[in-house]
Amino acid sequence: MSQSLFHKVWDAHAVRQLPSGQTQLFIGLHLIHEVTSPQAFQMMRERGLKVAYADRTFATVDHIVPTDIRTRPFMDTMAEEMMEALEENTSAFDIPLFDLNDDRQGIVHVIGPELGLTQPGMTIACGDSHTSTHGAFGAIAFGIGTSQVRDVLATQCLAMDPLKVRRIVVTGTLSRGVYAKDVILNIIRRLGVKGGVGYAYEYGGPVVEAMGMEERMSICNMSIEGGARAGYVNPDRTTFDYLKDRPYAPAGDAFNRAVAWWNSMASDDNADYDEVFELDGSELQPTVTWGITPGQGIYVTEKVPGLKDLPEDQRDVASEAYDYMDVKPGTPIAGTPIDVAFVGSCTNSRISDLREAARIAKGKTVSPRTKALVVPGSQAVCKAAEAEGLHEIFQAAGFEWRHAGCSMCLAMNPDKLQGRQVCASSSNRNFKGRQGSPTGRTLLMSPAMVTAAAIAGEVVDVRTLVN
């Protein structure tokens, strides 16, 4: 029977069907960090449990680590306690830890792929909602809660509800100044922030197939913002070339055998899907969110929509967004002043993101009204960028160049908005208070658009700054 990758991977990892109707699913790779693991380990100790497969779990530090001064102990006592707990727990349970002194440290969804831990055909779990990022490799990756982190540590399994699969086909070719971030923002704009509930999203079509792995990761990363439980891209030659020679990837003949199996896990040509949605990539423009959900995005050339322009079920949250964001319907999004520009997060902090941002920043100067910072997603990305001189371009333009970490994405560290500041951000969420201030405001956009906004001091069409 013809199957999608989702069903092939699900069936390959299904242990049994539970009386509840859920599937007991074996998890091939478990990633943990300092925020959602301490309570899970405490629950393990209270029950006298051991980690079932310590060799399938890897830990890093990312959410709470400062990106400027990293001297221990941290000034934030809670952050220091989380670090100490992770160090103690990984040592006690014999789990590898990529800490601040390790060249492999970085945002969990950046280091998994770059180390070759993330591979096609896997089931992957992490106590972080953006675990869907790893689906770019043809894996089925789930964000899980703390009690589920405990379950995976103790049993290497999860109880999961079956999902429907929606194939999203992006046709045509992207225009100059339009990026993967614009693609996913427009998918969410059209399908809604709840459109993916109960689904896994399979991304395909000419636009996705032409993308590099880092672009595919950006799209899969924000599947959760569209309500989907997981998002993935079928593995292909781009996937295999990326993984070759990565530290944890198979080597030699084992790699060739792995590629053969990875290929077999891709969706069959005549696989059945519960739904198919098409998006014409040729029509897309640089996109900016104006409101308080990732679904409230518009082209940079458009105006903030009025209530009558929106479906009835979106009008209440739109009214709330007008008040919170202090925007008026009919106002152009271009020209919106910004106070902070942030290039980073697990969505857009990889070397290709930084290269494109540096291309925009080169020879220009950050607006005096704007604080701008660039935060690499991992120490490896940081070193690669510095080897290319990207940090010098950013610093010459007036950006702050930081160490690897989550930084302003969710602000569980010193990088926070202050008061009513407006931030042009390459991250994934624009919820109220997301970036550290209960009244701070976030505009989501691509790294190139963030860079352009930093230079102009306001939202601007990046296409006016590129050749």
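No side-chain heavy atom of E202 sits under 4.5 Å from any side-chain heavy atom of I168. N428 has its side chain within reach of E225: a pair of non-hydrogen atoms, C-beta onward, lies under 4.5 Å apart. In this structure the side chain of I111 never reaches within 4.5 angstrom of the side chain of Q105, judged on heavy atoms. At least one side-chain heavy atom of R350 sits less than 4.5 Å from a side-chain heavy atom of V110. Residues F399 and H391 form no side-chain contact, since every pair of their non-hydrogen atoms from C-beta on lies 4.5 Å or further apart. Between R45 and N89 the shortest side-chain heavy-atom distance falls below 4.5 Å. V169 places a side-chain heavy atom less than 4.5 Å from the side chain of V276. Using a 4.5 Å heavy-atom threshold, the side chains of L25 and F142 count as touching.
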Task: K181 vs D353, salt bridge (Lys or Arg N to Asp or Glu O under 4.0 Å): CA-CA, chis, key distance, verdict - done: CA-CA 10 Å; K181 184 65 160 285; D353 298 312; over 6 Å; no

TODO: List the steps and the verdict of side-chain hydrogen bond (donor to acceptor under 3.5 Å, both in side chains) for Q39 and R150.
DONE: CA-CA 8 Å; Q39 306 93 322; R150 172 205 61 200; over 6 Å; no

Task: Trace of the side-chain contact (heavy atoms from CB on, under 4.5 Å) decision for L5 with Y232 - done: CA-CA 9 Å; L5 178 143; Y232 67 89; 3.7 Å; yes

Open item on the list: Evaluate I351 against E388 for side-chain contact (heavy atoms from CB on, under 4.5 Å), listing each step before the verdict.
Closed with: CA-CA 10 Å; I351 188 63; E388 296 179 19; 4.2 Å; yes

TODO: Before giving the answer on side-chain hydrogen bond (donor to acceptor under 3.5 Å, both in side chains), spell out for H109 and N221 the whole-Å C-alpha distance, their side-chain angles and the decisive distance to 0.1 Å.
DONE: CA-CA 9 Å; H109 308 312; N221 175 272; over 6 Å; no

TODO: Take T239 and D236 through the test side-chain hydrogen bond (donor to acceptor under 3.5 Å, both in side chains) and record every step on the way to the result.
DONE: CA-CA 5 Å; T239 317; D236 58 14; 3.2 Å; yes

- [ ] Could you please spell out the steps behind the side-chain hydrogen bond (donor to acceptor under 3.5 Å, both in side chains) verdict for S378 and E114?
- [x] CA-CA 9 Å; S378 69; E114 73 183 13; 2.9 Å; yes

Task: Pair R189-I298, side-chain contact (heavy atoms from CB on, under 4.5 Å): steps then yes or no - done: CA-CA 8 Å; R189 177 185 183 180; I298 55 177; 3.9 Å; yes

- [ ] Before giving the answer on side-chain contact (heavy atoms from CB on, under 4.5 Å), spell out for V259 and F240 the whole-Å C-alpha distance, their side-chain angles and the decisive distance to 0.1 Å.
- [x] CA-CA 7 Å; V259 167; F240 311 146; 3.7 Å; yes

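No side-chain N or O of R463 forms a donor-acceptor pair with one of T301 less than 3.5 Å apart. In summary, the side chains of N186 and R190 do present a donor paired with an acceptor at a separation below 3.5 Å, with no hydrogens or angles considered.
Within a 6.0 Å sphere centred on OH of Y273, other residues, nucleotides and ligands contribute more than 12 heavy atoms. Few gaps surround CG on N270; more than 12 heavy atoms of other groups in view lie less than 6.0 Å from it. The neighbour count for D280 CG, taken as heavy atoms of other residues, nucleotides or ligands under 6.0 Å away, is above 12.
Ring geometry for F98 against F58 counts as parallel: the plane angle stays under 30°, on a 0 to 90° scale with 60° as the upper cut. Taking the six-membered ring for Trp and thresholds of 30 and 60 degrees, H33 and H63 have nearly parallel ring planes, at less than 30 degrees apart. The aromatic rings of F394 and W401 sit parallel to each other, their planes meeting at less than 30°, with 60° as the upper class boundary. Using cut-offs of 30° and 60° for the angle between ring planes, the Y203 and Y201 rings count as perpendicular.
Both tests hold for K244 against F255: distance to the six-membered ring centre under 6.0 Å, angle to the ring axis within 45°.
The main-chain N or O of C157 is never found under 3.5 Å from a side-chain atom of Q24 such that the two would form a donor-acceptor pair. A donor-acceptor pair is defined here as one N or O able to donate and one able to accept, closer than 3.5 Å; no such pair exists between the side chain of T57 and the backbone of A54. Remark: the backbone N or O of S267 is paired with a side-chain donor or acceptor of N234 at under 3.5 angstrom. Judged by distance alone, with hydrogens and angles left aside, the side-chain atoms of S446 form a donor-acceptor pair with the main-chain N or O of M449 at under 3.5 Å.
Using a 4.0 Å cut-off between a side-chain N of Lys or Arg and a carboxylate O of Asp or Glu, D415 and R402 qualify as a salt bridge.
Exactly one of M217, E214, M213, Q119 qualifies for a side-chain contact (heavy atoms from CB on, under 4.5 Å) with P113. That residue is M217. Evaluated for a side-chain contact (heavy atoms from CB on, under 4.5 Å) with V149, the options V152, D151, L153 yield exactly one hit, L153.
Considering every non-hydrogen atom in both A271 and S4, the closest pair reads CB-N, 3.7 Å.
Taken from CG in D55 to CD in Q156, the straight-line distance is 8.0 Å, to the nearest 0.5 Å.
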